[in-house]
Structure formats: C-alpha cells, structure tokens
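Structure first, commentary second.
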Amino acid sequence: MTTDITPPPWRGIGRRADRRSEVGPVELYFDLVYVFAIIQISHLLIEHLTWRGFAETAIVFAAIWWGWNYTAWAMNWLNPNNTRVQLLNAVLMLASLGMAVAIPYAFADSGLLFAGCFVFMGIVRPLFMIVGFKGQRLAANYRALVSWSALAGVVWIVGAVLPPEERLWVWLLAVAIDYAAPLVNFTIPGLVSAPMDRWQTDPEHLAERNRLVFIIALGESILLMGGALADEGVADAGVLLSLLTGFIGLTVLWWNYFALAGHDVTGGQGGTGALRFAFAYAHALMVFGAILVAVSIELRISHHELDPALVLVVVGGPLVYLAGNLLFLRSRFSRVARSRLVAAAVLIAIGAAGLAFYERLPVMALTVPVLLVMATLAFLTARSRTAAAAD
C-alpha cells in the first residue's frame, strides 16, 4: 500500500513505523472501563431473561462494542505516547463510563445518557482524526465515517426520547446504520466514500487489541462466578460442582479462542476488508458469546433447576461464539470450518432436547454435554494448529 508523505499538522500524533503494532499503556487503561461495562451488560440480561430482555441486551452490547471497536481502529494510526492522543482516550473513556453507568436503565430513564455518550464518542473521535491528519487520506476517510456516525447519531437520540416500546425498534435501526457503514464503504452517493483499500491498517495491532478485549470478557466470568458464590453464602456440593464446571467451561472457551486466534496465528488475509470482518464483526460475536457463557455460569450457580431461559443461555453462548469463529476463519483465512458447523449442529440438538425435557433433567444433564462439545472442539483446533506448525 502507498503511504501519505504529508506530515500530520499535530507533531508526533501518528504512530512510528517501527512501533506500529505496539499496544500502548493508554489503550490498556481505556479498556478498564469495559470490565465494568461487560458486567453491567451481563446483569442486564440476568435481570431480564425474556426475549425482549435479550433484544435490549444485544442492542446495548452492539453500541458498547462499536464504541470500543472504533476507538481500537483509531489507535491503529495514533501514537499512544502522544499527549493529545492520551487526552482523547481519557475523554472517550469518560464517555464510555457514562454509557456503562446508564446500561441498567438504558431502556428506561437513562436512555438519553446512554445514547448521548455514544453519539459524543462517535463524533469527537473522527473529528480528532480529521484535524490531526489534515491533508492526508486518513482525514478524508474519517470525513466519510463521521457522516455515517452523525446519521446514526440522530437516530440514537430520537430513540432515546421515545417511550421504551418504540425505543427498541428505533435503536435497532441505529445499530443497523452504524454496522452497515463499513460494509458500504461509508458511501453517501455524490458526497463521500472511503473504500476499504484506502485504510492502511496493521493486522497485528488489531489482533492484539481484540485478543485483549476477549480476555476482559473472560475475566468478567470470574467476577460473576465469585459474586454468585458469595451470594449463595453456603457452598454446598451442588454449588461447588456448578463452580467447577463453570471454571472448566471458561478454561475451555479460552483454549478454543487462543487455539484459533492466539499469538501464533500468522498469515491469512491482511487486507482491510478482511480485517474488518475478522475483528469488527467476528469478534463482536465471539465477545458477546463469552458474555452469554458468563451469564450461564452465574445462572447455573444460582439456579438448581432447568427452565427454558437457562437452556437457551447455556446453549446460546457457545453458538454465538461459534458463529464468530466461522466468520473469523472465513474472512481471515477463506476457510469453511466444518468442525465448528458440526459442533453447532450438536449444540442445537442438545438445546432442543433440553427444551423438550427440561422439567425432568438436572442442570448438569445440560451442562456436561455442552462442555464436552466445546472441549472436543478446543482439542481438535489445538491439534490442527500444532500439526500445521510442524509442517
């Protein structure tokens, strides 16, 4: 790819070529607020285990993820040691904290706070890039991006002032606009466009940022398990067994992920279009799947009997995660992951049996088969990567 030779108007704002893939301390600091945000998202679903509750949780997660995702992509070009960049991250972190605080009542009295903070991030971030990289192609790209963010922002704010029933549908439209923007190259016919080949991205920086946020999602599971165990008070055999299987399930999920997208993953499609699907979209599904797994662990500790909601969450978490796996492998390596399709089919069958017989089955009768499927998949993935490395 060609590079811009015009220096940015703000001295030292751009990343040095020899440190392009580095994840700076300010990026790690920014991620701290997402520990709290993910916990808030999990509690939102736990307290609203209905189809509407799931829809609200998915919309809230979509906004939280997009705020993180666009910030991670912006840092792909920004020098994390520059003072202006550090101040930008602090401002965006404060807005993210506002969103996280508003999550429990985003569909009640805190809708305007949630949407306002998200829209603020969506406007301030690209404006910073436009000013900071004035005269460069990156500034033109962000002019196209901010146009779409402003359009979606109007919809977010309109939804925030509507009653909760209408807000759900309006915010769903806002999510669709935000997530569609990169797919259409931020194009507004006759005005702006930013095709993916005009974005000079660093695959390893994006990969590392996404690996780190996935670990945050796993860490949230530990916090939920500990909190659920503390709430139970007396750790009887059933609670301890649920804790043990939850921890094993969490370890299996970690094993699955790092066998697939760990530090030893090399090659693959490095074009921005492929990276967009692999990280912006595929990782959204994998992180959301990890959140659902965390929710299922807490529910299994606190619920001693199966019900349809518990069945759907226990099976749904791994299924959403596997959907992200499929998209990641297809976009990055042009592979159809048959093992994951088989695993998904088996999980669907387990879920169907759980829904049909939940009144007669103990919780472990659902937990153990799901755990075995994911453990088998992790083993096969790790073995295939080891064989590929040996070749």
Side-chain angles (χ1 to χ4, degrees), residues 1 20-21 23 27 30-31 34 37-38 41 58-78 92 96 99 118-119 121-123 125-126 129 138 141-142 144-149 151-153 156 172 174-187 193-217 257 260-261 265 268-291 320-335:
M1 290 185 181
R20 184 72 190 276
S21 301
V23 175
E27 296 177 82
F30 174 79
D31 285 352
Y34 285 87
I38 290 175
I41 291 170
I59 289 172
V60 166
F61 170 78
I64 291 290
W65 173 260
W66 217 233
W68 180 89
N69 171 66
Y70 269 172
T71 301
W73 279 73
M75 289 304 298
N76 193 66
W77 297 283
L78 293 171
L92 295 177
S96 299
M99 290 181 69
F118 177 68
V119 174
M121 292 178 69
I123 301 299
R125 189 190 308 105
M129 302 296 285
L138 193 60
N141 289 347
Y142 270 94
L145 187 152
V146 76
S147 301
W148 277 82
S149 294
L151 174 62
W156 279 105
L172 183 61
V175 168
I177 295 171
D178 269 321
Y179 278 66
L183 299 178
V184 298
N185 295 320
F186 304 102
T187 299
S193 181
M196 288 297 107
D197 60 5
R198 295 183 185 175
W199 300 79
Q200 300 168 23
T201 51
D202 178 63
E204 205 39 58
H205 177 262
L206 292 174
E208 183 64 14
R209 294 295 286 119
N210 280 268
R211 285 190 287 255
L212 289 171
V213 81
F214 188 81
I215 289 176
I216 287 175
Y257 177 81
L260 176 76
V265 173
Q269 300 294 325
T272 304
L275 298 178
R276 173 193 64 196
F277 279 105
F279 297 118
Y281 299 111
H283 270 74
L285 291 170
M286 287 192 276
V287 171
F288 191 46
I291 292 173
V320 173
Y321 169 79
L322 290 177
N325 277 194
L326 290 166
L327 182 56
F328 179 85
L329 290 169
R330 183 69 181 87
S331 57
R332 193 79 200 276
F333 300 101
S334 301
R335 282 170 30 204

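Just so you know, these numbers come straight off a predicted model, no measurement behind them.
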Checklist entry - Could you state the interatomic distance from CG (Leu151) to CG (Asp178), rounded to the nearest 0.5 Å? => result 9.0 Å
Next on the checklist: Contact between Trp68 and Ile216 at the side-chain level, heavy atoms closer than 4.5 Å - yes or no?
Outcome noted: no
Checklist entry - Considering all heavy atoms of both residues, which atom of Ile123 and which atom of Ser149 are nearest to each other, and what is their separation? => result CD1-C, 4.4 Å
Checklist entry - Does the side-chain contact (heavy atoms from CB on, under 4.5 Å) test come out yes or no for Phe186 and Asn141, once each step is laid out? => result CA-CA 8 Å; Phe186 304 102; Asn141 289 347; over 6 Å; no
Checklist entry - Which pair of non-hydrogen atoms, one from Arg198 and one from Ser193, has the smallest distance, and what is that distance? => result NH1-O, 3.7 Å
Checklist entry - Where do Glu27 and Thr71 land on the side-chain contact (heavy atoms from CB on, under 4.5 Å) test, with the steps shown first? => result CA-CA 9 Å; Glu27 296 177 82; Thr71 301; over 6 Å; no
Item to check | Close side-chain approach of Phe61 and Val287, heavy atoms under 4.5 Å | outcome: yes
Checklist entry - Should Val175 and Trp156 count as side-chain neighbours, where that means a heavy-atom distance under 4.5 Å? => result yes
Next on the checklist: How close do Ala278 and His283 get, counting heavy atoms only, and between which atoms?
Outcome noted: O-ND1, 2.8 Å
Checklist entry - Would Val23 and Met75 satisfy side-chain contact (heavy atoms from CB on, under 4.5 Å), going step by step from the backbone distance to the final call? => result CA-CA 9 Å; Val23 175; Met75 289 304 298; over 6 Å; no
Item to check | Contact check, side chains of Ser96 and Met121, non-hydrogen atoms, under 4.5 Å | outcome: yes
Checklist outcome for this item: Between His205 and Ala72 the two heavy atoms that sit nearest each other are CE1-O, 3.8 Å
Item to check | Point-to-point distance, once rounded to the nearest 0.5 Å, from CD of Gln200 to CG of Leu138 | outcome: 8.0 Å
Next on the checklist: Quick check against the 3.5 Å criterion: does Arg330 have a side-chain atom that pairs as donor or acceptor with the backbone of Phe277?
Outcome noted: no
Checklist entry - So, Trp199 and Asn76: side-chain donor and acceptor under 3.5 Å apart, yes or no? => result no
Checklist entry - In Å, rounded to the nearest 0.5 Å, how long is the span from CZ of Phe288 to CD1 of Ile41? => result 8.0 Å
Checklist outcome for this item: Trp73 meets the ring-ring contact (aromatic ring centres under 6.0 Å, His included) criterion, sequence neighbours left out, with none
Checklist outcome for this item: In terms of heavy-atom contacts, Trp148 and Thr187 come closest through CZ2-O, 3.2 Å
Next on the checklist: If you compare all heavy atoms of Met196 against all heavy atoms of Thr272, which two are closest, and at what distance to 0.1 Å?
Outcome noted: O-CB, 3.3 Å
Checklist outcome for this item: Rounding to 0.5 Å, atoms CG (Leu275) and CG (Leu206) come to a distance of 6.0 Å
Checklist entry - Out of curiosity, Asn69 CG to Asn210 CG, how far, rounded to the nearest 0.5 Å? => result 7.0 Å
Next on the checklist: If you apply the rule side-chain contact (heavy atoms from CB on, under 4.5 Å), what do you find for Met99 with Val60, and how did you get there?
Outcome noted: CA-CA 9 Å; Met99 290 181 69; Val60 166; over 6 Å; no
Checklist entry - What pairs with Trp66 under ring-ring contact (aromatic ring centres under 6.0 Å, His included), at least two apart in sequence or on another chain? => result Tyr70, Tyr179, Tyr281
Next on the checklist: Are the side chains of Leu327 and Met286 in contact, using a 4.5 Å heavy-atom criterion?
Outcome noted: no
Checklist entry - If you round to the nearest 0.5 Å, how far is CG of Leu145 from CG of Asn185? => result 11.5 Å
Checklist entry - Between Phe214 and Tyr321, how do the two ring planes meet: parallel, tilted or perpendicular, split at 30° and 60°? => result tilted
